[in-house]
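What follows is a set of notes on a single structure, which appears directly below.
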Protein chains: 2
Amino acid sequence: MGDEISLAISTVIFALRPDPDGGSPTLWIPLVRRIREPFLGRWALPGGPLLADESLSGAAARNLKTTTGLEPRYLEQLYAFGEPDRSPGARVVSIVYWALVHAGEADRVAEGDNVRWFIADEVPDLAFDHSTIVEYALWRLRTKMEHSRIAHALLGDTFTLAQLREVHEAVLRTKLDPANFRRQIEASGSVVATDQVLTGGRHRPPRLYRYNDAVSLVDSSPLDDAASSPSLS
Amino acid sequence: MGDEISLAISTVIFALRPDPDGGSPTLWIPLVRRIREPFLGRWALPGGPLLADESLSGAAARNLKTTTGLEPRYLEQLYAFGEPDRSPGARVVSIVYWALVHAGEADRVAEGDNVRWFIADEVPDLAFDHSTIVEYALWRLRTKMEHSRIAHALLGDTFTLAQLREVHEAVLRTKLDPANFRRQIEASGSVVATDQVLTGGRHRPPRLYRYNDAVSLVDSSPLDDAASSPSLS
DNA sequence: GCAAAAGTGTTCTCAGTACACCCATGT
DNA sequence: ACATGGGTGTACTGAGAACACTTTTGC
């Protein structure tokens, strides 16, 4: 059989969590510590092998669950990385997925010595080429956010338009005009108003909204099933 | 080691060739005939194994060259396909690339019993899940053509704006307003006028244009090197 | 009442579209 | 001359950006 080429599945997971400096919410990703060589002790993307009877996205979801406990709301293939020298002493091709989890789900991660959240734009030097992969995943997330409705995957079931706007602002790192943002979202039909409002702030209570399931989260492609929610249990 | 999962690299190649019904140019793709089981005799995408010391895109380029003789001007990763049942009796994960070749290059394919060009929208039932893959590649090409400059990769070194417009029309299957198309292309700065014109038509001779190398073909991503021309010998 | 954020209205600009019209060549 | 596509001018439309303004709550 000659040289062995092995296959691995990894995932970049994004969640929106409060900024430590008390600012607006920020993008975070969970990383796991390597517990064997190479790169023993370095932080890396969660991942693992592909089993014989599971699909690629199935392997991504299973590895995510076992390493971090997360079951993402959105899961999509990112890219296959396979440079010959990306793993010292072995030839590994990694098929990388990226995922979005909402704030409530993110808190289920049991942080410890070997699992920790990092601010997405401030990850340390990672094992293998994982720093490059995170950078690329960030680029894809930001690009896709600009002309898609995936922002909802980072929120809970109901939310105010200000919260939805904060998601966009955190991901795109810009300020958005509240008035124009409202009109664009309403025109897209991707949300529906509930009859509830959110009280408690010291100002006029904003209306709560809900996803409109009739509108798909992404610009549909022929591979829709691979790009949709893997488990909505 | 348990069940063996093998890895293959395949490529969907697009070229613009004259329509057999004498109409405007059309999108074609070359396919190769399977010479072993499974799917013996069926048409399939050109592809092959990944060797130990080559990159993924390198493997795609090499397989392309040996099976069809083509050296594409544009080569980009499409998607990794890995459903457990996509290859009967084996577990194969295929990392699929897509490529664009210009008309002159396309003629270098030695057609025969085992290699033939097909109109991209009229391929027969292919081996494995390759029909799905072709459909997805077509979707990606059309989507990318809408907000990118990759059309140039399907043409020769110099071309008229009408020829460039025909590329867009063939790919997107629409008619475009010549006046507006001209202005958009000129505004994008992706082409530069030469001092030559193309005589021979029974009308005013159109000016010839050339690519503007200063403008990248695609919306640049952090993985630019993987998305750019693999060999421009 | 006042601060603060929710929510509405209005104007401006720019890209895309439609289409009328002139230009230069072969026959 | 005239047919044919090359090439220019111009008006219309819709989406987004900027920003003034009104509304409704907590304090």
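Per chain, numbering begins at 1; letters A, B, ... match sequence-line order.
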Reckon [X] touches a base, only the sugar-phosphate, or nothing at all at heavy-atom distances under 4.0 Å?
| X | answer |
| --- | --- |
| Ala179(B) | base |
| Arg207(B) | sugar-phosphate |
| Gly200(B) | nothing |

Residue [X], side-chain heavy atoms: nucleotide from [options] that is nearest:
| X | options | result |
| --- | --- | --- |
| Asn180(A) | dA6(C), dA24(C), dC19(D) | dC19(D) |
| Arg183(A) | dG26(D), dG5(D), dG9(C) | dG9(C) |
| Arg182(A) | dT25(C), dG7(C), dG7(D) | dG7(C) |
| Arg204(B) | dA17(D), dA18(C), dC23(C) | dC23(C) |

Separation of atom [atom1] in [X] from atom [atom2] in [N], rounded to whole Å:
| X | N | atom1 | atom2 | answer |
| --- | --- | --- | --- | --- |
| His203(A) | dA4(C) | NE2 | P | 11 Å |
| Glu186(B) | dT8(D) | CD | C1' | 10 Å |
| Leu198(A) | dT24(D) | CG | C1' | 14 Å |
| Gln184(B) | dC14(C) | CD | C1' | 13 Å |
| Leu164(B) | dG5(D) | CG | C1' | 16 Å |
| Asp177(B) | dT8(D) | CG | C1' | 12 Å |
| Leu172(B) | dT17(C) | CG | P | 11 Å |
| Phe181(B) | dG9(D) | CZ | C1' | 20 Å |

- Nearest-nucleotide comparison on DNA chain C, the residue closer to the 5′ end among Arg202(A) and Val197(A): Arg202(A)
- Query: Could you walk me through whether Tyr209(A) and Thr160(A) pass the side-chain contact (heavy atoms from CB on, under 4.5 Å) check?
  - Reply: CA-CA 6 Å; Tyr209(A) 289 79; Thr160(A) 67; 5.8 Å; no
- Task: Evaluate whether atom CZ of Arg142(A) has more than 12 neighbouring non-hydrogen atoms of other residues, nucleotides or ligands under 6.0 angstrom away.
- Result: yes
- Query: What orientation do His168(B) and Phe181(B) show, parallel under 30°, tilted 30 to 60°, or perpendicular over 60°?
  - Reply: perpendicular
- Message: Can you classify the ring geometry of Tyr79(A) versus Tyr136(A) as parallel (below 30°), tilted (30 to 60°) or perpendicular (above 60°)?
- Response: perpendicular
- Within the side chain of Gln77(A), is there an N or O that forms a donor-acceptor pair under 3.5 Å with the backbone of Ser57(A)? no
